[in-house]
Amino acid sequence: MTPITEVEGRRLALSNLEKVIHPATGTTKGEILHYYATVAPQLLPHLRGRPLSFLRYPDGPDGQQFFTKNPPPGTPSWVKTALVPRSDDKNAHQVIVEDLPSLMWAANLVVELHTPQWLADAPAVADRLVLDLDPGAPATVVDCCRVALWLRERLGADGLEAYAKTSGAKGMHLYVPLVPAPSERVQAYAKQLAVEAEEDLPALVVHRMAKTLRPGKVFVDHSQNNAAKTTAAPYTLRARREPAVSAPVTWEEVEACGDPSRLVFLLADMAPRLRDHGDLLAPLLDPDRAGPLP
């Protein structure tokens with residue numbers, strides 16, 4: 001029988017709590033739900049107002065995975081949704097998770113959480129810039145750190161402050177809080193930065209997606225600033241054999257990283273990190289920290 005749990009007055013059916021989702025560590029669905037409840041105070045502010053896309057992996061990373069923007073069948077009536085028209089569906093809606101019951105409902109589906117760089121009430125007007133640093137083997141996150149430091153300095157020259165997190169996979173994400181600007185302009189600026197990085201670090205950086213160009217280099221993916229694109233949210237678990245988290249990191253950790261394992265953070269690592277650091281991406285939520293797009 002599926003247990004029914006009450007979360008802040010909402011009744012939730014939580015299923016298969018003993019099912020192993022991340023096989024490398026034996027992490028169960030129940031442990032995943034506990035993780036999201038633990039990080040909710042830091043995670044929810046980064047989801048607030050943003051239409052979510054889900055990468056679902058209900059049978060773990062070795063099972064079927066599917067990406068969805070539409071509210072899943074059976075979405076409770078109390079889960080908030082927003083109209084997000086698409087070219088193929090002008091009446092399309094997407095889920096917005098802003099409270100603990102909605103987060104627990106989403107976590108019970110076993111999902112990666114992905115957000116755009118804009119809010120539902122201002123579609124295609126970005127309030128942050130993101131640069132996705134993706135290493136092509138044999139390059140690693142250590143090489144991403146070198147690129148991240150270059151980009152941090154370059155953004156600083158334009159009066160913008162960057163904040164880093166691991167992708168939860170191979171690479172890193174850099175975020176910059178912005179005075180809201182059209183996504184098209186933000187993407188153009190991000191591409192300019194990627195091109196400049198390649199010009200200055202030609203042996204290390206590539207700004208084009210072509211796989212033939214990427215071995216041994218870091219692809220600075222600027223395209224995720226496109227209004228139609230999304231990026232893994234801070235603190236989301238990823239569909240990996242280990243319960244890897246897309247975890248905020250300090251610039252001291254980026255500077256000191258000489259081994260890829262130094263920037264791998266699992267579910268169990270996050271509670272102590274939050275005690276030690278708080279939310280390292282909290283400045284993204286402060287309008288006073290936002291800079292104007294050059």
Side-chain angles (χ1 to χ4, degrees), residues 36-53 80 82 96-100 102-103 113-133 145 148-168 172-187 189-190 193 222 224-227 229-236 245-255 263 265 270-294:
Y36 279 112
T38 300
V39 302
Q42 292 76 32
L43 168 59
L44 286 171
H46 292 288
L47 304 182
R48 188 161 293 123
R50 297 184 192 275
L52 283 179
S53 301
K80 185 176 179 181
I96 293 182
V97 168
E98 298 187 323
D99 55 31
L100 185 59
S102 300
L103 180 60
L113 305 168
H114 291 250
T115 60
Q117 314 315 319
W118 43 266
L119 298 166
D121 61 2
V125 179
D127 63 349
R128 59 187 57 173
L129 174 149
V130 65
L131 293 167
D132 180 1
L133 310 184
C145 289
L149 292 167
W150 187 95
L151 288 166
R152 180 195 188 195
E153 183 175 349
R154 174 63 185 83
L155 286 158
D158 281 343
L160 299 173
E161 192 164 3
Y163 301 87
K165 70 178 177 72
T166 67
S167 68
M172 295 182 67
H173 297 151
L174 297 188
Y175 281 104
V176 178
L178 294 177
V179 175
S183 294
E184 187 175 350
R185 285 188 56 216
V186 176
Q187 184 178 358
Y189 174 66
L193 293 174
H222 48 85
Q224 291 190 38
N225 296 283
N226 184 298
K229 297 286 190 73
T230 61
T231 308
Y235 305 106
T236 188
V245 177
S246 186
V249 293
T250 68
W251 281 110
E252 289 76 17
E253 288 174 310
V254 174
E255 290 167 354
L263 289 186
F265 300 103
M270 295 312 296
R273 283 186 64 81
L274 288 170
R275 283 196 301 269
D276 291 344
H277 299 296
D279 179 16
L280 291 168
L281 296 183
L284 294 177
L285 307 169
D286 182 355
D288 292 336
R289 304 295 285 270
L293 195 69

Taking the side chain as everything from C-beta on, heavy atoms only, tell me whether [X] gets closer than 4.5 Å to [Y].
X	Y	answer
Leu151	Leu131	yes
Gln42	Arg273	no
Leu113	Arg50	no
Pro248	Tyr163	no
Pro182	Leu293	no
Val130	Lys229	no
Leu284	Pro234	no

Nearest atoms (heavy-atom pairs only) where [X] meets [Y]:
X	Y	answer
Leu155	Ala162	CD1-CB, 3.8 Å
Gly278	Tyr235	O-OH, 4.3 Å
Leu100	Ala37	CD1-CA, 4.2 Å
Pro51	Gly49	CD-O, 3.8 Å

- What salt bridge (Lys or Arg N to Asp or Glu O under 4.0 Å) pairs are there with at least one residue in residues 274-294, not counting sequence neighbours?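 Sorted pair list: Glu161-Arg289.
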- Query: Hey, does the side chain of Thr115 reach the backbone of Leu47 with a donor-acceptor pair shorter than 3.5 angstrom?
  - Reply: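 Pair absent, no side-chain N/O of Thr115 close to backbone of Leu47.
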To the nearest 0.5 Å, tell me how far [X] [atom1] sits from [Y] [atom2].
X	Y	atom1	atom2	value
Leu129	Leu193	CG	CG	7.0 Å
Asp132	Asn225	CG	CG	10.0 Å
Leu149	Trp251	CG	CH2	5.5 Å
His173	Leu133	NE2	CG	8.0 Å
Leu160	Arg152	CG	CZ	13.0 Å
Tyr36	Leu103	OH	CG	7.5 Å

Got a sec, which residues hit side-chain hydrogen bond (donor to acceptor under 3.5 Å, both in side chains) with [X], two or more places apart in sequence or on another chain?
X	answer
Ser246	Lys165
Arg128	none
Glu98	Lys80

- Between His46 and Thr236, does a side chain to side chain contact (heavy atoms under 4.5 Å, CB included) hold up when you go through it step by step? CA-CA 11 Å; His46 292 288; Thr236 188; over 6 Å; no
- Message: Once salt bridge (Lys or Arg N to Asp or Glu O under 4.0 Å) is applied, do any residues pair with Glu184, and if so which ones, sequence neighbours excluded?
- Response: none
Could you list the donor-acceptor pairs under 3.5 angstrom formed between side-chain atoms of residues 116-126 and any protein atom two or more places apart in sequence or on another chain?
from, atom 1, to, atom 2, distance (Å)
Gln117, NE2, Thr231, OG1, 3.1
Trp118, NE1, Ala227, O, 2.9

- Task: I would like to know whether Leu178 and Val186 meet side chain to side chain contact (heavy atoms under 4.5 Å, CB included); could you show each step before the answer?
- Result: CA-CA 9 Å; Leu178 294 177; Val186 176; 3.8 Å; yes
- Task: Any chance you could lay out the side chain to side chain contact (heavy atoms under 4.5 Å, CB included) test for Tyr189 and Val176, step after step, and finish with the verdict?
- Result: CA-CA 12 Å; Tyr189 174 66; Val176 178; over 6 Å; no
